Number of protein chains: 2
Amino acid sequence: MPTATAAQRRKEAREAYDAFLAECPTRQLLETLSDKWMGLVLASLGEGPMRHSELARRIAGVSQKMLTQTLRTLERDGLVTRTVTPTVPVRVDYALTPLGHDLAPVMIAIKTWAEAHMDEVRSARESYDETRPSG
Amino acid sequence: MPTATAAQRRKEAREAYDAFLAECPTRQLLETLSDKWMGLVLASLGEGPMRHSELARRIAGVSQKMLTQTLRTLERDGLVTRTVTPTVPVRVDYALTPLGHDLAPVMIAIKTWAEAHMDEVRSARESYDETRPSG
DNA sequence: CTGCATCCTGACCGATACTG
DNA sequence: CAGTATCGGTCAGGATGCAG
């Protein structure tokens with residue numbers, strides 16, 4: 001079809017997606033991105049490539065299992081590359097792909113927002129809890 | 001201490017918060033914001049105030065329970081206002097607070113990103129799954 | 001229409017042990 | 001060091017029924 005360029009088709013596809021619809025695949029992607037550790041992992045890797053153990057140290061409280069699971073999902077979704085160096089012991093490096101680099105700033109923005117507005121949220125909570133101490 | 005203005009103290013507090021630390025309250029706030037329906041609710045209300053039933057319709061697949069729960073959290077955190085009009089039947093309107101208006105664009109950005117890059121993620125998944133069909 | 005309480009299932013996630 | 005597998009407790013969250 002000579003009139004439909006790749007760019008045009010991409011644009012159409014983009015407009016067809018709507019995360020407000022339950023059946024839309026973007027809904028599932030949005031939920032994946034909203035997973036507990038996604039933001040922190042992406043924010044970490046946004047600072048540069050890291051080894052598995054470095055990530056575990058950077059992101060306090062994440063279990064080895066959850067970290068691996070999160071990284072696997074990110075790898076499958078094309079946001080992160082996994083590079084194994086077959087030394088003894090093995091060394092595994094993770095880095096953002098171009099797609100991952102595109103997303104990372106957005107995830108970092110949420111983290112930054114949370115850190116910047118924590119005080120306001122806190123006082124809002126205090127007001128709310130005072131208003132209804134018992135229900 | 002006369003040299004520490006309110007603005008300065010606020011700045012210091014902001015710098016002291018770090019979501020990478022497990023004990024930091026922002027970690028919990030980040031998890032709250034990452035909850036399943038937060039993004040979609042904030043994105044909806046970013047378009048303007050809405051009634052409970054309107055939100056339920058806009059956000060396909062959300063249960064009444066989860067919607068109420070999400071809205072309560074948002075209200076408590078000072079991101080959303082809840083206005084009850086004591087008609088029969090009751091009418092309840094939700095709207096973003098200034099703080100909510102500050103956050104909404106960031107949440108919308110994630111939703112938009114997901115919709116814009118769904119195709120790339122999809123093909124990344126296909127490649128990944130082809131590479132390891134049985135593990 | 002909006003919201004609360006209850007029940008109940010399944011998924012998430014941490015702990016642990018084992019492989020390369 | 002990095003990853004997989006298994007077990008088990010916890011809890012998110014859907015369904016339902018009732019209230020204002």
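On a predicted model such as this, the values are computed, not experimentally measured, just so you know. Residue numbering restarts at 1 for every chain, and letters A, B, ... go by the order of the sequence lines.
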Footprint ends on DNA chain D, 5' to 3', for atoms under 4.0 angstrom from a heavy atom of chain B, come out as D:dG13 to D:dA15
Of A:R82 and B:V90, the one whose closest nucleotide on DNA chain D sits nearer the 5' end is A:R82
Within residues 47-65 of chain B, those residues having any heavy atom closer than 4.0 Å to DNA chain C are B:R51, B:H52, B:S53, B:Q64, B:K65
Separation between CD (A:E47) and CG (A:L42), nearest 0.5 Å, reads 12.0 Å
**Message:** Using a 3.5 Å distance criterion without hydrogens, assess whether the side chain of A:E31 forms a donor-acceptor pair with backbone atoms of B:K36.
**Reply:** no
With B:L45 as partner, the option from B:L96, B:L79, B:T81, B:L40 fulfilling side chain to side chain contact (heavy atoms under 4.5 Å, CB included) is B:L96
Fill in: Main-chain N/O of A:A114 paired to B:T26 side chain as donor or acceptor, under 3.5 Å
no
B:Y94 side chain near C:dC1 phosphate (N/O to OP1/OP2, under 4.0 Å): no
(request) Carefully, step by step, assess A:H52 and A:L71 under the rule side-chain contact (heavy atoms from CB on, under 4.5 Å). (result) CA-CA 9 Å; A:H52 181 103; A:L71 287 165; 4.2 Å; yes
For B:D102 and B:P105 the tightest heavy-atom approach is O-CD, 3.5 Å
Less than 4.0 angstrom between a side-chain N/O of B:R72 and OP1 or OP2 of C:dC4, yes or no?
yes
Contact check, residues 33-46 of chain B vs DNA chain C, heavy-atom distance under 4.0 Å, returns none
Residues B:K111, A:D18; criterion side-chain contact (heavy atoms from CB on, under 4.5 Å); working and verdict: CA-CA 9 Å; B:K111 175 176 175 296; A:D18 181 1; 3.9 Å; yes
Here the pair of heavy atoms bringing B:F20 nearest to A:S44 is CE2-OG, 3.1 Å
>> Looking only at side-chain N and O atoms, does A:T68 offer a donor or acceptor that is under 3.5 Å from a partner on A:Q64?
In response: yes
note: A:E31, atom CD; C:dC12, atom P; distance rounded to Å ~ 11 Å
Rounded to whole Å, the CE-C1' distance (B:M66 to C:dG3) equals 13 Å
Can any side-chain N or O of A:R27 pair as donor or acceptor with the backbone N or O of A:A19 at less than 3.5 Å?
yes
Apply side-chain contact (heavy atoms from CB on, under 4.5 Å) to the pair A:L99 and B:V121, showing each step before the final yes or no. CA-CA 9 Å; A:L99 195 58; B:V121 170; 4.2 Å; yes
